[in-house]
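Encoded as structure tokens, the structure appears first; notes follow it.
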2 protein chains.
Amino acid sequence: MKREQNMLEKRAKILEAAIPLFADNGFSATTVATIAKQAGVGFGTVFNYFVSKEDLFKAAVIEPLDEQREILKKIVMAQGTPHERLKKMVICHLQHFSNHRNQMRLMFYVLGQPERFPEIAEELFAFARDFFAAVVPIVEEGQTNGEIPACDPLGLSWSYFAYINGVVMTMLDPPDDPKWEQFILHGCRLFGITD
Amino acid sequence: MKREQNMLEKRAKILEAAIPLFADNGFSATTVATIAKQAGVGFGTVFNYFVSKEDLFKAAVIEPLDEQREILKKIVMAQGTPHERLKKMVICHLQHFSNHRNQMRLMFYVLGQPERFPEIAEELFAFARDFFAAVVPIVEEGQTNGEIPACDPLGLSWSYFAYINGVVMTMLDPPDDPKWEQFILHGCRLFGITD
DNA sequence: ATAAAAAGATTGATTAATCAATCACTTTTT
DNA sequence: AAAAAGTGATTGATTAATCAATCTTTTTAT
């Protein structure tokens, strides 16, 4: 049993090392040797866990998505008015992003080059579609009861998605930087939330 | 005289070929051979115009900034209320971006990896600072006369910058796609502009 | 319980492919 | 005919992936 546990930990260590390196340097400029060194394993070991550099990259981008999905689910399931739920969503997203910047940078790095990483980008697009499918009904509900200004809900969802994408790519400061507060404030404003 | 003209045109052709290739594939995965082929020149010719691949990349990112500066200047100099000027700015930016997507993708690609391209990123940061220095006074003026909701003007400028960054990276559709209208609408909303 | 043996994991030197940059030669312009 | 620009084959450096040797864990046999 010890072996299986060790291998899971080692795999996680490699991924953990790979994510910031890929986020900082992109796919090609990140070498497997550097990842191995950073993870504290031998060069060859990496290929016991991932069949290729591409495979490792894919895992580094896609596996953190699961955590995202759970956050999204919580928001959809949450109680409260659309106003409250959307506000919570914005806060939740931006706090999560500020604490997982490299994962997010990596995701949006791939979204910025979809033709280069078609398979991975397709998974991210699918996630984005799920995201819209979850947000649109909340917006619509808010528009019905007058909490949210009238507009195309899908257009608003796209705009919000672009906004959080841009924040992640632009914002390199640590989670305690006051700019994050500002980004939350204006993220809410997109939905017409001004308090 | 003919020679000088030809050389300028050839240089421009190389840059024109390089921009979308770098935007699609990033720095490392774009080969000089591909750029040369796309530009219709020989491999060696590229190095008559640019001392290295890095040099070509830098030119591809930075030279289009001049056009950006002119747009910015027009907005600052323009007559009208802050409301009118900011609305024009958003429209102007997003229309420009939709028509120069690859240039913009390339700029934001570099901003996403500032430690990898420190020199180029510094020039882009300098541009961003100029941008903020131009936008903040307009926002302040609008807040003074009540057209723009009260908030930290620099925080708002950052949020807008992140927004347009995100739109460029997210939005791959052609300029006539109706989503661009939506992005303009919600860009205006960030500034509290709702008409 | 202990030891031998089998299975599985770790490793980095080697290999083969890729690509930036050079440079000797050719073509075009002055 | 001199100068300048264009060119692509060659070169050297880099790096992903392999693999044979080594080490570690698990299983089996006594």
Side-chain angles (χ1 to χ4, degrees), chain A residues 1-61 106 109-110 113 115-117 119-120, chain B residues 1-61 106 109-110 113 115-117 119-120:
Chain A
M1 280 305 104
K2 197 176 172 189
R3 172 169 284 181
E4 204 179 339
Q5 184 61 23
N6 275 343
M7 286 192 75
L8 280 173
E9 279 170 21
K10 200 159 278 187
R11 187 178 186 281
K13 261 205 317 195
I14 295 171
L15 272 180
E16 204 183 324
I19 288 171
L21 288 169
F22 279 133
D24 281 346
N25 305 306
F27 177 74
S28 301
T30 303
T31 68
V32 175
T34 309
I35 294 169
K37 200 172 195 177
Q38 184 68 31
V41 301
F43 176 81
T45 306
V46 174
F47 293 95
N48 288 345
Y49 292 89
F50 304 93
V51 300
S52 66
K53 188 185 173 187
E54 259 97 4
D55 185 48
L56 167 55
F57 182 70
K58 186 174 178 179
V61 179
L106 198 46
Y109 165 76
V110 171
Q113 300 182 40
E115 286 165 38
R116 185 180 174 193
F117 309 109
E119 223 179 296
I120 308 177
Chain B
M1 281 302 102
K2 196 177 174 189
R3 171 170 287 182
E4 204 178 338
Q5 184 60 23
N6 274 343
M7 285 191 76
L8 283 173
E9 279 170 21
K10 199 159 278 187
R11 189 179 185 281
K13 260 206 315 197
I14 294 170
L15 273 180
E16 203 183 326
I19 288 171
L21 287 169
F22 279 132
D24 281 346
N25 306 305
F27 177 75
S28 301
T30 304
T31 69
V32 175
T34 310
I35 295 170
K37 198 172 196 176
Q38 185 67 33
V41 303
F43 175 81
T45 305
V46 174
F47 293 94
N48 289 344
Y49 291 90
F50 303 93
V51 300
S52 66
K53 188 185 173 186
E54 261 96 4
D55 185 50
L56 167 56
F57 182 70
K58 187 175 177 178
V61 179
L106 199 45
Y109 165 77
V110 171
Q113 300 182 41
E115 286 165 36
R116 185 180 175 194
F117 309 108
E119 225 179 296
I120 309 177

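Atom CZ of B/Phe47 is separated from atom P of D/dA4 by 22 Å (rounded to the nearest Å). In this structure, NZ of B/Lys37 is placed 13 Å from P of C/dC19, rounded to the nearest angstrom. The nearest whole Å value for the distance from the CZ atom in B/Phe43 to the C1' atom in C/dA24 is 16 Å. Distance A/Ile14 CD1 to C/dT10 C1': 11 Å, rounded to the nearest Å.
Taking only side-chain nitrogens and oxygens, A/Lys10 never comes nearer than 4.0 Å to OP1 or OP2 of C/dA9. Checking the phosphate oxygens (OP1, OP2) of C/dA9, no side-chain nitrogen or oxygen of A/Tyr49 falls inside 4.0 Å.
Comparing C/dA9, C/dT22, D/dA5 against the side chain of A/Met7 picks out C/dA9 as the nearest. Nearest to the side-chain atoms of B/Asn48 among the listed nucleotides D/dA16, D/dT7, C/dA20 stands D/dT7. Each of D/dA17, C/dA21, D/dT7 was ranked by its minimum atom distance to the side chain of A/Lys53; first place goes to D/dA17.
Using a 4.0 Å heavy-atom cutoff across all strands shown, B/Thr45 reaches at least one base atom of the nucleic acid. Residue-level contact check: A/Thr30 touches the backbone only, with heavy atoms under 4.0 Å from sugar-phosphate atoms and none from bases.
Put simply, the side chain of B/Tyr109 never gets that close to the backbone of A/Gln113: no donor and acceptor are under 3.5 Å apart.
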